[in-house]
Structure formats: C-alpha cells, structure tokens
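Inspection log for the structure reproduced underneath, given as structure tokens.
Labels below follow one simple rule: chain letters A, B, ... track the order of the sequence lines, proteins then strands, and each chain is numbered from 1. The analysis underlying the following values was restricted to heavy atoms, covering all of them including side chains, and did not include hydrogens, waters or symmetry mates.
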Protein chains: 2
Amino acid sequence: MRTKVFIVDDHYMVVEGIRSLLQNEKSIEWIGHAMNANSCLAFLKQQLPDVILMDISMPDKSGIDLCKEVKEKYPSVFIIGLSTFNQQSFIQKMMDNGASGYLLKNATQEELMEGIEMIMKGKVYLSDEAAQSLRKNNQGEVPVLTRREKEVLELIAEGMTNNEIAEKIFVSASTVDTHRKNLLAKLEAKNTAELVKLAFFHKLISLDN
Amino acid sequence: MRTKVFIVDDHYMVVEGIRSLLQNEKSIEWIGHAMNANSCLAFLKQQLPDVILMDISMPDKSGIDLCKEVKEKYPSVFIIGLSTFNQQSFIQKMMDNGASGYLLKNATQEELMEGIEMIMKGKVYLSDEAAQSLRKNNQGEVPVLTRREKEVLELIAEGMTNNEIAEKIFVSASTVDTHRKNLLAKLEAKNTAELVKLAFFHKLISLDN
DNA sequence: TTAAATATCCCTTTTTTACAGGATAGCATC
DNA sequence: GATGCTATCCTGTAAAAAAGGGATATTTAA
C-alpha cells in the first residue's frame, strides 16, 4: 500500500517543488493538491489521503484553523504543517490542533520522506529547526483571553480610551477598566504600551482588520 | 540563445518547484541555484546568468541587500524578486535596488515565463498582486524618525515609563516627553496604544530584540 | 553661512491609566 | 448545589500620559 499524500498550499512553486521531490518515490502516491482551505475540504469529501502537507498561511483560512477542522472531521488523517517561518507560536498551534509534525520549506527530500514515514508510524516529526525552536521558547505560553477581553484589546490598540470603548460596546467605563486590568495581568504587561506589544507577540491582534 | 536562469532561495521546495516549472521550457537554460547569498556571489564569479530569481528572505543576507550588491558588480544581469509576501515595502526596496521585476511564489508557470520574457526585453514585470499592492498602499508613507526617537519608541514598547526611559538614556523626563510628543505627531497616533500598533504597522519596531 | 532639523530642557492643566479593594449576577459543569 | 469562570459595576488614590505652551544649544544640509 502506497502512502496517499495530499498538499494544501497556495504557492504554486512550493506545490510543484513537493511534487517534484515526491514523484520518484515509489512508496508515495500523489493524490492531488489544493490552493486554499475550501477546495481542500471539498476534495476530502471525495477522497481521503493518508497524509496532508499543509501550509500555515493561506488566502481564505489559516492552516491552523484548517488543521483543526480537518482533524475533527477526519481524525485518521495525519497532518504535517509546512511553513517558511520558524515561528514557535505557529508550530505550537498546529500541534495543539492535531498536527502530527512540522516541516520547514527548506527541508530536503530526505527530511520530507523521513517526516512522512515517521508520521505514518504514528509518531511525531519536527524538522530540526522547528524542534529547536519549540525547546527554546518554552515559556512562551499564550494567555487565554475571553471574547470580551479580545474585543477590548483590539479597541485599545486602535487608540481608544476606556470611555470611548465603554460607549462603543455599551458598558460602563468601569467594566472596560476591569477588562483592561485583567488583560494587563494575563499578558503580564506593565502598561498599555507593553500590552499592545505583547498582543502582537502572542498574535492576539494583527494588522489587517 | 537560451536564457540562462539562476535561482537564489534557501527553500529547497521552492527551488525544486521552479526547476520543475522550467525544465520543459526550451528557451530556458537552468544554470544552477544557491541556497544563500554568499554561495550566490561565489557562483557569479564563475558564470553569469541572464536572469536571477531571488528570494527576499535568506539566512545570511536579505535579498534586498544581495540585489544591490549583484547589480553593482554585474549591471547586465536582470533580477526578479521572489516572495511569499505581498508586502509593499519589500517590493519597493527590491525595485529601488535595481530589480527588474517581482513575482510571488504562487505564480503559475505562465506568469513565470511571461515575467522572464518581459524582463529579457528590458521591461519591468510585476505579478498582478504585487502591482496591485504597489498601487493600493500608496498613502502608506512611513514616517521618518530620528535615532533618538527610534530608541525611545522601542523603550516605550518595552513598557517603560518616561521616568524610566529618562534614567536609562541619561536625559531628563522632559526630553523623553518631548520625544514622545513628536512620535505621537509623526505617526499620527492618538495615544501610546495606537503608537505601538502603528510602530508595528510601519515596521519601526519588531519582536526580535 | 544661514536655515532647518535635532536634541535637550522646563512649566501647567486635564485626561487617562494603574492599582487596590471590593460586589453581584449569569451560566455551565460537575 | 457548589464551584469556577465570565461579565458587569462601583469607590478611591496615585501615577502617568496627553496637550498646550515655550526655550536653547548643536548638528546637518542647502
């Protein structure tokens, strides 16, 4: 039985690269690729691969979310995260959402094959750099925020004061102040400036919205 | 005469992808690839390509710097920037440093060939998305900060107060306050929170330091 | 060399945050 | 039905930042 491999990546060159790396491997069957999350989900309704190589950044949905969704619907599929970044938080989130491994796009053919084989045995595979990154940044626990806290955090980063936020979300300024207090405590920030910086660090807010 | 193409990219899968896309093109001669800036420069001493496809992010040196260096030494070589990001500042900088075009890594084989052909005619080629990005983000003027202002901005983002910053950089709190005032004005921020957010937006500060 | 930009310092007033201490109500889970 | 989490609201004080004004050397560039 050959291992059925499917790729989700919006970068044509990367898809071609993986295809090229796998085409001479007799143990691998390339069953197709998708350029975005939706066409991936559509494909999986027709045919299930053994392994999905999944980019973390895609136009319609992040690989992190897609990973979760696929794992919920098809728990038997093994997922390997693919990324150019060696970014601890991404790796962590992919693993949290059920990924079995993580490969950087500068991986060699040997690493790619090693990763697929390991994962088919039910083990975890992390490319060297990714594993190092995980070990190093161990204290980087992402704080868990409530919906309201996230909302307030975003408005703070927009430059709004407590009073302005209070008006906007129809609560008293005291409530906003409490959320702010909790945000400072949860992110361990000394003040608003560090709060916003740490929010970026933990990817709790982003530039596009 | 076939067009001699050389690739500089530290992502193995991307190199393989481009090789795969170009291998059946009779007008193209693949003369090699480099995984970092230094081996690229070493290769160019031996043999000169017509076109270099160059990644913007590499381990030892950014493509933006490498582009400049190559163009200074070998002005006749055409350079096409390659990136996964659709980031206006990168595109602009590559063009400023002598690149003839810019391609995103999700370009198709047709776009890749079109780009190479256009550039060999001495024209400029921007992939659709890249060109759009250049047009769209036109009003995104990055404010010019002085050395001192940058220094203060970073310390603000670290969560330090005016007094703490004053002690750290050996000036009075009034001075720090003035710098802060100027930062708010230059970045057009309403308060510290928005200041830090906009600092990220304009890439005036980053997470790693 | 003159003008412009930079870096430094000071004052006042108002607004906003930070921190400390609460309280209450709803909701889910166990 | 107790426990824990979330969201809401309150009082009060102290610290910090925002906004307004202005001043003076030094460096840079035209």
Using atom [atom1] of [X] as one end and atom [atom2] of [N] as the other, report the distance to the nearest whole Å.
| X | N | atom1 | atom2 | value |
| --- | --- | --- | --- | --- |
| Arg180(B) | dT17(C) | CZ | P | 12 Å |
| Ile165(A) | dT16(C) | CD1 | P | 11 Å |
| Glu167(A) | dC9(D) | CD | P | 13 Å |
| Phe170(A) | dA7(D) | CZ | P | 18 Å |
| Leu145(B) | dA7(C) | CG | P | 10 Å |
| Lys190(A) | dA18(C) | NZ | C1' | 14 Å |
| Asp177(B) | dT13(C) | CG | P | 16 Å |
| Leu195(B) | dT16(C) | CG | P | 17 Å |

With a 4.0 Å limit, can you tell me whether [X] has a side-chain N or O closer than that to the phosphate oxygens OP1/OP2 of [N]?
| X | N | result |
| --- | --- | --- |
| His179(A) | dT6(D) | no |
| Asn162(B) | dA17(D) | yes |
| Asn163(A) | dT16(C) | yes |
| Thr161(A) | dT15(C) | no |
| Arg147(B) | dT6(C) | no |
| Ser174(A) | dT8(D) | no |

Rounded to the nearest 0.5 Å, what's the gap from [atom1] on [X] to [atom2] on [Y]? Could you check?
| X | Y | atom1 | atom2 | value |
| --- | --- | --- | --- | --- |
| Glu111(A) | Leu21(A) | CD | CG | 11.0 Å |
| Met120(B) | Lys4(B) | CE | NZ | 10.5 Å |
| Asn182(A) | Glu149(A) | CG | CD | 5.5 Å |

Proximity to the side chain of [X] - top-ranked nucleotide from [options]:
| X | options | value |
| --- | --- | --- |
| Thr178(B) | dA7(C), dC10(D), dC10(C) | dC10(C) |
| Arg148(B) | dT8(C), dG21(C), dA17(D) | dT8(C) |
| Thr175(B) | dA18(D), dC9(C), dA18(C) | dC9(C) |

Report yes if a donor N or O on one partner sits less than 3.5 Å from an acceptor N or O on the other, where the partners are the side chain of Thr146(A) and the base of dC5(D); otherwise report no.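 Under the 3.5 Å cut-off, the side chain and the base do not form any donor-acceptor pair.
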Looking only at N and O atoms, is any donor in the side chain of Ser172(A) or the base of dC10(D) less than 3.5 Å from an acceptor on the other one?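 Per atom types, no contact qualifies.
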Where does the angle between the aromatic ring planes of Phe43(A) and Phe6(A) fall among parallel (under 30°), tilted (30 to 60°) and perpendicular (over 60°)? parallel
Which sits closer to the 5' end of DNA chain C, Ala173(B) or Lys186(B), going by the nucleotide each is nearest to? Lys186(B)
Comparing Lys181(A) with Gly159(A), nearest DNA chain C nucleotide closer to 5' gives the residue Gly159(A)
Any Leu103(B) side-chain heavy atom under 4.5 Å of Tyr125(B) side chain: yes
Test item: Arg2(A) side-chain N/O and Ser27(A) main-chain N/O as donor-acceptor pair under 3.5 Å: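 Absent.
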